Amino acid sequence: MADGKRFFFPATRLILAALLAGVLAGAVAVYVSESGSGNNAPEKVAVAAGKDDAACAAKAGRAKQIAAKAVGQVAALQPADPPQSLKSLAFNGPDGKPMTLADHAGKTVLLNLWATWCAPCRAEMPALDMLQKEKGGNAFEVVAVNVDTGDDTKPKKFLNEIGVQTLGFYRDPTIALFNEVKTRGLALGLPVTMLIDADGCLIAHMNGPAEWSSPDAKRLVEAALEP
């Protein structure tokens, strides 16, 4: 009996130790792979992003319905397939402080990335300005983000020269915003424009310029604002 006990307890301890080691190793592996730096905040963000993407993906039908309204001057707009959450897209606001698209929650956004060295971008800026002037408000905003590197001098001078007065001055001099949009498969170059609903879900997108002050563009915005 004593011999049996001497055999049983050490074996049990070894099994428990092995199980504990496996659990700890698995926890460490998840911790390192998902948080990288040892801070578990990114893991929480990833979980939240997954839930947001799932909620957005459920809007595939609505995305197709709205994109079907993109005709004429905005016919190049394509429905998101599937819709995805763009809440995490980061840039600087008109006050120069960092923000994300989530700060526009509750508002439909036409997000446009542009640069002063991009000729098609320069050509469409007055139209975007006019669209914001006519349709902008609590429910809708044209968020045109300049991605020139360097300081604000050149883009501000450019906007002043062409008479843009209504658009807010959004900026990302790091190119990180464009790179993320490109990684998501939404951007081939500049300009790139994304129609995003009040929940931060991408509904439709297009590469290249468009006549955003046209009746076609205004009808598209109106369709996006319908419940």
Side-chain angles (χ1 to χ4, degrees), residues 53 56-57 59-91 101 104 107-136 139-148 155 159 162 164 166-168 170-172 175-226:
D53 280 334
C56 290
K59 299 185 180 187
R62 177 164 172 75
K64 291 179 180 178
Q65 181 182 25
I66 293 174
K69 304 287 186 180
V71 298
Q73 298 289 343
V74 291
L77 198 76
Q78 300 295 315
D81 184 23
Q84 57 182 284
S85 176
L86 296 184
K87 285 182 180 181
S88 64
L89 293 185
F91 42 88
L101 196 64
H104 284 81
K107 181 181 290 189
T108 297
V109 168
L110 189 72
L111 179 64
N112 176 274
L113 274 56
W114 68 279
T116 58
W117 44 263
C118 164
C121 302
R122 294 169 66 99
E124 74 173 356
M125 291 305 295
L128 288 166
D129 189 53
M130 184 61 67
L131 180 62
Q132 172 62 22
K133 183 177 181 179
E134 295 187 15
K135 293 293 183 180
F140 173 76
E141 182 179 352
V142 177
V143 176
V145 183
N146 174 262
V147 295
D148 280 58
L159 293 176
I162 63 173
V164 169
T166 310
L167 293 175
Y170 294 93
R171 276 271 283 158
D172 175 36
I175 309 296
L177 174 61
F178 173 76
N179 285 337
E180 179 170 354
V181 172
K182 185 177 179 181
T183 298
R184 289 172 178 261
L186 303 176
L188 301 175
L190 293 176
V192 57
T193 307
M194 293 151 278
L195 182 61
I196 301 158
D197 74 6
D199 296 320
C201 299
L202 175 68
I203 296 300
H205 59 98
M206 69 181 293
N207 282 271
E211 182 49 67
W212 290 108
S213 61
S214 66
D216 294 325
K218 294 170 190 175
R219 282 192 290 268
L220 174 67
V221 171
E222 289 165 2
L225 291 173
E226 290 176 359

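Sequence positions, counted from 1, serve as the residue numbers for this chain. Given the structure is predicted, the values throughout are model-derived calculations rather than measurements.
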**Student:** Working to the nearest 0.5 Å, report the span between CD1 of Ile196 and CD of Gln84.
**Tutor:** 9.5 Å

**Student:** Find the distance between CZ (Arg184) and CG (Asn179) and round it off to the nearest 0.5 Å.
**Tutor:** 13.0 Å

**Student:** Quick one: closest heavy-atom pair of Pro83 and Ala63, and the distance?
**Tutor:** CG-CB, 3.9 Å

**Student:** Report all side-chain donor-acceptor pairs from residues 197-208 shorter than 3.5 Å, counting only partners two or more places apart or in another chain.
**Tutor:**
residue: Asp197; atom: OD1; partner: Asp199; partner atom: N; Å: 2.9
residue: Asp197; atom: OD1; partner: Gly200; partner atom: N; Å: 3.2
residue: Asp197; atom: OD1; partner: Cys201; partner atom: N; Å: 2.9
residue: Asp197; atom: OD2; partner: Lys59; partner atom: NZ; Å: 2.7
residue: Asp199; atom: OD2; partner: Lys59; partner atom: NZ; Å: 2.6
residue: Asn207; atom: OD1; partner: Leu188; partner atom: N; Å: 2.8
residue: Asn207; atom: ND2; partner: Leu186; partner atom: O; Å: 3.1

**Student:** Answer yes or no: are there more than 12 heavy-atom neighbours, outside Lys218 itself, under 6.0 Å from its atom NZ?
**Tutor:** yes

**Student:** For the residue pair Phe91 and Tyr170, categorise the inter-ring angle as parallel (less than 30°), tilted (30 to 60°) or perpendicular (more than 60°).
**Tutor:** perpendicular

**Student:** State, with a plain yes or no, whether a side-chain heavy atom of Leu86 is found less than 4.5 Å away from one of Val181.
**Tutor:** no

**Student:** Roughly how far, to the nearest 0.5 Å, is CD of Glu222 from OG1 of Thr108?
**Tutor:** 12.5 Å

**Student:** Measure across Ala139 and Leu225 and return the closest heavy-atom pair with its distance rounded to 0.1 Å.
**Tutor:** O-CD2, 3.5 Å

**Student:** Which atom pair, heavy atoms only, marks the closest approach of Val74 to Ala217?
**Tutor:** CG1-CB, 3.9 Å

**Student:** Looking at CG of Leu77 and OG1 of Thr193, how far apart are the two atoms once the value is rounded to the nearest 0.5 Å?
**Tutor:** 8.0 Å

**Student:** Under 3.5 Å, side chain of Arg62 to main-chain N/O of Ala224, donor-acceptor pair present?
**Tutor:** yes

**Student:** Identify the two heavy atoms, one from Leu220 and one from Ile66, that lie closest to each other, and give their separation to 0.1 Å.
**Tutor:** CD1-O, 3.6 Å

**Student:** If you look only at pairs with a residue in residues 66-77, which of them pass as a side chain to side chain donor-acceptor pair (under 3.5 Å), with sequence neighbours excluded?
**Tutor:** none

**Student:** Rounded to the nearest 0.5 Å, what's the gap from CG on Leu131 to CD on Glu211? Could you check?
**Tutor:** 10.0 Å

**Student:** Before you tell me yes or no, could you show the steps for Leu110 and Val221 under side chain to side chain contact (heavy atoms under 4.5 Å, CB included), namely the whole-Å CA-CA distance, both residues' side-chain angles and the distance that decides it to 0.1 Å?
**Tutor:** CA-CA 9 Å; Leu110 189 72; Val221 171; 5.7 Å; no

**Student:** Of the non-hydrogen atoms in Phe140 and Lys135, which two are nearest, and what is the gap between them?
**Tutor:** CD2-O, 3.6 Å

**Student:** Side-chain atoms of residues 113-125: list all donor-acceptor pairs with protein atoms under 3.5 Å, sequence neighbours left out, distances to 0.1 Å.
**Tutor:**
residue: Thr116; atom: OG1; partner: Asp148; partner atom: OD2; Å: 2.5
residue: Arg122; atom: NH1; partner: Thr116; partner atom: O; Å: 3.0
residue: Glu124; atom: OE1; partner: Ala210; partner atom: N; Å: 3.0
residue: Glu124; atom: OE1; partner: Trp212; partner atom: NE1; Å: 3.2
residue: Glu124; atom: OE2; partner: Asn112; partner atom: ND2; Å: 2.9

**Student:** Restricting to non-hydrogen atoms, name the atom on Asp172 and the atom on Leu177 that form the minimum distance, rounded to 0.1 Å.
**Tutor:** OD2-N, 2.8 Å

**Student:** Indicate yes or no for a side-chain donor-acceptor contact from Asn146 to the backbone of Pro155 under 3.5 Å, with no hydrogens or angles considered.
**Tutor:** no

